[in-house]
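Input: a single structure, listed below in structure tokens.
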Amino acid sequence: MSLLHLLLFSGLVIAASSSSPGSRLILREIADQKDKAVELNTTNFDSVLKDTPAKYAVVEFFAHWCPACRNYKPHYEKVARLFNGPDAIHPGIVLMTRVDCAMKTNTNLCDKFSVSHYPMLFWGPPIKFVSGSWEPKKDKSEILVIDDGRTAERLLNWINKQIGSSYGLDDQKFENEHALSNITNYNQISQAVYDVEEATAEAFDIILAHKAIKSSETGASFIRFIQLLAAHHLSRRCRRGAAEILVNYDDLCPSGNCSYEKSGGNDTLGNFPICGKDVPRGYYMFCRGSKNDTRGFSCGLWVLMHSLSVRIEDGESHFAFTAICDFVNNFFMCDECRLHFNDMCLSVKTPFKKARDFVLWVWSTHNKVNERLMKDEASLGTGDPKFPKIIWPPKELCPLCYLSSNQKSIEWDHDHVYKFLKNYYGPKLVSLYKEKSVSGSKEETVAATEDLTVATNALVVPIGAALAIAIASCAFGALACYWRTQQKNRKPRRR
Ligand code: FAD
């Protein structure tokens, strides 16, 4: 690896987080609670509702001394079980929450929503609750009072009417009528933002679980991939988590011997979650299959790879190619996938010089996998019936990508395919964050988008740390060692 190569990553930056540190944790911790509804209070109300991937929220204002509220709780929980937490039957759609107005600290919050009786239930897009309020006679509020939710059945009926669904209290996991089966809807990719974070976290967990960094070679491969994530992951907290691992790598994995335990300290790889501790799990949305065992992680991994490919510069293209190939080969624990993918990597004889070529390589490689699986899944019946494999993108999604096509072959307009992929896995993929900006002001919208696309305005990550650590053992000479020592002394403090 040349010094030039290393310097390509010297622009690595991470930004300070704007969301409350605890909010994601709270969403994730639903998993560990007996109660499925999320307990909100003055402190976490805005941040939890801002961070949830769910499209809608129900907020129950209650008082713990109120007997009717106690009797109502099992009803509310029956509905919350459907929507909240990693075992949710219909995840990512409704966040069910409650606020105890009998707690003095919540008085102002309850007043803002003019809570006049207990329990009082509200419905609306989560973002509308953030810094929000409700008054009885205000027209056009997007926050509605749920006026018919006295039993679990009635509450669910009310919700079904709002969103045109037909959920039942007895639904079982993955009877998923909201699976996004319409693959020709261009906007759906924006829902994959959380999937990419989750797939990244899952990939990292698999590495930990398998103690998969077994040699200096796999260590180097791990570092290259983490380096790519630190520079180009679409999510700021994944970039930051990756940068922290890079900076601390030598301490965590001295001579390639990593310690993997999650002890709560600062001295093992397990204590450096790649996308932070608070990424909600079990929320695959764009990648959600209609069956328990389809899609999810591997779909998220593809979207991660495409989203990385469209973010790199020309000079990084071969590095990115190597990082991805080695990562799949060493850490994707699906043997068939790994071997096939490795063959396709080995078939590349000339180093990539242009990012465009790399973007198109990932795309055509994915299509080769699709083509093979189309046949396998048809003969074995193992595919997801709602998501049959296709050669992608279909004409409905990108008519201009097609020069001509017949049943046997497609002639692509590669310029258009490239343009399409750049936009689809670039700005379009992160556009959901625009909508989630709290007040929707132009400035915040821009800030939210920048936050996800290019890390700006940031605490500069130890410039040389990432690149020096990428050559883990200072094998590339004294200069890199010098950089590294200098920069490690300035490593960012963990929160
Ligand atoms: P996926 O194929 O996972 O695609 C996810 C999404 O990406 C699609 O919904 C679509 O929106 C988009 N997309 C589809 N094609 C393209 C494209 N060409 N370019 C850009 N975007 C596209 N499974 C096996 O059974 N055998 C294998 O050998 C195998 N190899 C794999 C190798 C790798 C590196 C990975 C990440 C996965 C592999 N898989 C393999 C899993 C398989 O490819 C699918 O991920 C899985 O079957 C789930 O399919 P899916 O319907 O979610 O769509």
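Just follow the structure's listing: the first ligand is 1, and inside any ligand the first atom is 1. Remember, it's a predicted structure, so these values are computed and weren't measured experimentally.
Ring to ring, Trp302 and Trp392 are not that close: their centroids are 6.0 angstrom or more apart. For Phe83 and Tyr167, the gap between ring centers is short of 6.0 Å.
Between Val369, Leu373, Leu380, Thr294, it is Leu373 that holds the heavy atom closest to atom 24 (C) of ligand 1. When the heavy-atom distances from atom 49 (O) of ligand 1 to Glu377, Arg295, Lys389 are ranked, the shortest goes to Lys389. Of the listed residues (Trp392, Phe341, Phe327, Phe420), the one carrying the non-hydrogen atom nearest atom 34 (C) of ligand 1 is Phe341. Looking at Pro394, Cys299, Cys337 and measuring to atom 32 (C) of ligand 1, the nearest heavy atom belongs to Cys337.
In this structure, Asn370 counts as a contact residue of ligand 1, since one of its heavy atoms falls inside 4.0 Å of the ligand. No heavy atom of Arg338 sits closer than 4.0 Å to any atom of ligand 1. Look at Gln188 and you'll find every heavy atom at least 4.0 Å from all atoms of ligand 1.
Remark: Arg295 qualifies as a cation-pi partner of Phe387 under the 6.0 Å distance and 45° angle criteria applied to the six-membered ring.
A donor-acceptor contact under 3.5 angstrom links the side chains of Asn271 and Thr268, judged on distance only. Asn370 and Asn367 are linked by a side-chain donor-acceptor pair at a separation below 3.5 angstrom, with hydrogens and angles left out of the test.
Of all atoms in ligand 1, numbered sequentially from 1 with element shown, those under 4.0 Å from a heavy atom of His340 are 28 (O). Near Phe286, with a cut-off below 4.0 Å to any heavy atom, the atoms of ligand 1 are 11 (O). Residue Tyr425 has at least one heavy-atom neighbour below 4.0 Å for each of these atoms of ligand 1: 7 (O), 12 (C), 13 (N), 20 (C), 21 (N), 22 (C). Short contacts between ligand 1 and Ser298, defined as distances under 4.0 Å to a heavy atom of the residue, involve ligand atoms 36 (C), 41 (C), 44 (C), 45 (O), 46 (C), 48 (C).
A perpendicular orientation is assigned to the rings of Phe331 and Phe222, their planes being inclined by more than 60° (bins at 30° and 60°).
Residues meeting the ring-ring contact (aromatic ring centres under 6.0 Å, His included) test with Phe332, sequence neighbours left out: none. The side-chain hydrogen bond (donor to acceptor under 3.5 Å, both in side chains) search around Asp343 returns none, not counting sequence neighbours.
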